Undergrad: 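Have a look at this one before I ask anything.
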Amino acid sequence: MVSYGVYKQVIMVLSLLAASALASVLAPVLAHAQDVDAEPKTQLVAIETTVGTITAAIETERAPITAKNFLRYVDEHRFDGTVFYRAMRLDWGDQPNGLVQAGTQYDPKRVLKPIAHEPTNVTGVKHLRGTLSMARFAPGSATGDFSILLQDQPSMDADPSADDPETRAGFAAFGHVVAGMDVVESIHAAPTDPNKGEGWMKGQMLAKPVKIIRMKRVVAVPEAGE
C-alpha cells in the first residue's frame, strides 16, 4: 500500500510536469499576443520653424522606404532652411481643413533620387488628422516634399479596386504629428498670395513662407524653448 507521503510527492511531481507542459504551450501564444499588441516602431523628429516646433513620429516599421528617405533628408540637413510654402484649404468638413506643404521644392542641391511608392493598403498608415504624407507627381516620383493634414482625408488612401491608377495608388503616408498641431494650424491660417502658384494650386501658396530652421531626430517631445 502506497503511503500518504509518497502519494503527495507523486501528485506534486505530476502537477509540476503539467505546469511545465502548459507553460511551453502558452509561451509562443503569449509572445505572439505581445507582438500583436506592440506599437509599431517609430522615430520622433522635431520640425523647428520660425512659428514653433512640430514633433512627428515617423513610421520606420510600417513605411520603411518612405521613412528611411525622410530621415535621410533630416540627417543630412537637407530640410534645414527650406520652407512651408503651401496651404490648401477645404471649405467642407471640420475646420480648419486641408493641408500644408513643405520641403525641398526640387532644389537640385537638396533633392535626392525618387523613391518607390508605399501605398496605404500595404503600410496600414492612413491619411488622418496630423498625418505626414509624401507630395508627388506620378507614383514613384516622391523626393523631398511632404504634406501635413489638418483633418482626415480618406480619399488620399490607396484604393486597389479603383479604375483610375492615381486613385488606386493613393499617396504615401509615413508619419503623424504627436505635438505641435497648433503650429500646423497657424501655418495653414497664414495669408496666401492669389497670384502665386500654377494650375489648380494657384492661390494656395503662402504670401510669406514659413521657414524650417532645422529638423532633427529626438527621443522625446521637446519642451518649450528647447
Side-chain angles (χ1 to χ4, degrees), residues 44-59 63 66 69-70 73-74 78-107 110-111 120 125-139 141-157 166-167 169-216 221-222 224:
L44 291 179
V45 168
I47 305 170
E48 299 177 16
T49 80
T50 51
V51 296
T53 299
I54 303 159
T55 306
I58 306 304
E59 297 273 1
T66 315
N69 175 72
F70 186 83
Y73 277 86
V74 172
R78 293 175 183 270
F79 285 132
D80 299 359
T82 62
V83 295
F84 280 90
Y85 54 85
R86 180 184 173 210
M88 182 186 77
R89 292 161 188 157
L90 301 173
D91 59 5
W92 46 265
D94 294 335
Q95 295 297 316
N97 196 4
L99 58 80
V100 294
Q101 192 167 319
T104 60
Q105 294 181 276
Y106 300 97
D107 180 345
R110 297 178 182 271
V111 74
T120 56
V125 185
K126 302 298 185 181
H127 286 90
L128 307 174
R129 173 174 164 81
T131 292
L132 276 70
S133 183
M134 293 303 296
R136 63 164 178 81
F137 292 111
S141 66
T143 54
D145 288 72
F146 63 96
S147 301
I148 303 178
L149 306 189
L150 276 292
Q151 299 294 343
D152 297 0
Q153 300 294 345
S155 63
M156 294 178 69
D157 291 339
E166 285 290 317
T167 305
F171 289 83
F174 65 95
H176 59 279
V177 173
V178 296
M181 274 303 292
D182 57 327
V183 177
V184 176
E185 290 179 352
S186 70
I187 295 170
H188 186 258
T192 54
D193 187 326
N195 299 313
K196 281 187 178 180
E198 298 179 2
W200 57 273
M201 287 197 293
K202 187 172 183 179
Q204 296 181 6
M205 301 299 141
L206 293 175
K208 294 182 179 179
V210 174
K211 185 178 180 179
I212 296 172
I213 301 168
R214 61 181 162 270
M215 287 198 206
K216 62 181 180 180
V221 176

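The analysis underlying the following values was restricted to heavy atoms, covering all of them including side chains, and did not include hydrogens, waters or symmetry mates. These figures come from a predicted structure and were not determined experimentally.
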Undergrad: Considering all heavy atoms of both residues, which atom of Gln151 and which atom of Pro96 are nearest to each other, and what is their separation?
TA: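 Looking at all heavy atoms of both residues, the closest pair is NE2-O, 3.1 Å.
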Undergrad: Could you tell me which residues satisfy salt bridge (Lys or Arg N to Asp or Glu O under 4.0 Å) with Arg129, sequence neighbours excluded, listed by chain and number?
TA: Glu185
Undergrad: Out of the candidates Leu99, Val100, Ile187, only one should pair with Arg86 under the side-chain contact (heavy atoms from CB on, under 4.5 Å) rule; please name it.
TA: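 The side-chain contact (heavy atoms from CB on, under 4.5 Å) with Arg86 is passed solely by Leu99 among Leu99, Val100, Ile187.
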Undergrad: Indicate yes or no for a side-chain donor-acceptor contact from Asn195 to the backbone of Gly203 under 3.5 Å, with no hydrogens or angles considered.
TA: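 Not confirmed, Asn195 side chain does not pair with Gly203 backbone.
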Undergrad: Before you tell me yes or no, could you show the steps for Arg89 and Leu150 under side chain to side chain contact (heavy atoms under 4.5 Å, CB included), namely the whole-Å CA-CA distance, both residues' side-chain angles and the distance that decides it to 0.1 Å?
TA: CA-CA 9 Å; Arg89 292 161 188 157; Leu150 276 292; over 6 Å; no
Undergrad: Drop me the distance from Asp182's CG to Thr53's OG1, to the nearest 0.5 angstrom.
TA: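 The OG1 atom of Thr53 is 10.0 Å from CG of Asp182, to the nearest 0.5 Å.
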Undergrad: Please name the pair of heavy atoms, one in Glu166 and one in Ala138, separated by the smallest distance, quoted to 0.1 Å.
TA: OE2-CA, 4.1 Å
Undergrad: Please test Phe79 against Phe146 for ring pair (Phe, Tyr, Trp, His ring centres under 6.0 Å), starting from the C-alpha separation and ending with a verdict.
TA: CA-CA 11 Å; Phe79 285 132; Phe146 63 96; 5.6 Å; yes
Undergrad: Could you state the interatomic distance from CG (Leu128) to CG (Leu149), rounded to the nearest 0.5 Å?
TA: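 Leu128 atom CG to Leu149 atom CG measures 8.0 Å (nearest 0.5 Å).
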Undergrad: Quick one: OG1 on Thr120 to NZ on Lys126, what's the gap to the nearest 0.5 Å?
TA: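 NZ of Lys126 is found 4.5 Å from OG1 of Thr120.
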Undergrad: Does the structure place the NZ or CZ of Arg110 under 6.0 Å from the centre of the six-membered ring of Tyr73, at an angle of no more than 45° from the ring's axis?
TA: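 Negative - Arg110 is either too far from the ring of Tyr73 or too far off its axis.
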Undergrad: Using 0.5 Å steps for rounding, measure from the OG1 atom of Thr167 to the CE atom of Met156.
TA: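 Reported value, rounded in 0.5 Å steps: 12.0 Å.
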Undergrad: Please report the shortest heavy-atom distance between Gly103 and Thr82, naming the atom on each side.
TA: O-CB, 3.3 Å
Undergrad: Can you confirm whether or not the ring centre of Phe137 sits under 6.0 Å from the ring centre of Tyr106?
TA: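 Yes - the distance between ring centres of Phe137 and Tyr106 falls below the 6.0 Å cut-off.
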Undergrad: So, His188 side chain and Met88 main chain: donor-acceptor pair closer than 3.5 Å or not?
TA: yes
Undergrad: Looking only at heavy atoms, what is the nearest atom pair of Gln95 and Asp91, with distance?
TA: NE2-C, 3.5 Å
Undergrad: To the nearest 0.5 Å, what is the distance between CD1 on Ile47 and CG on Leu132?
TA: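 So the gap between those two atoms works out to 5.5 Å.
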Undergrad: What are the two closest non-hydrogen atoms of Val45 and Phe70, and how far apart are they?
TA: CG1-CE2, 4.3 Å
Undergrad: Taking all atoms of both residues into account, what is the closest heavy-atom pair of Ser133 and Phe171, and its distance?
TA: OG-CB, 3.5 Å
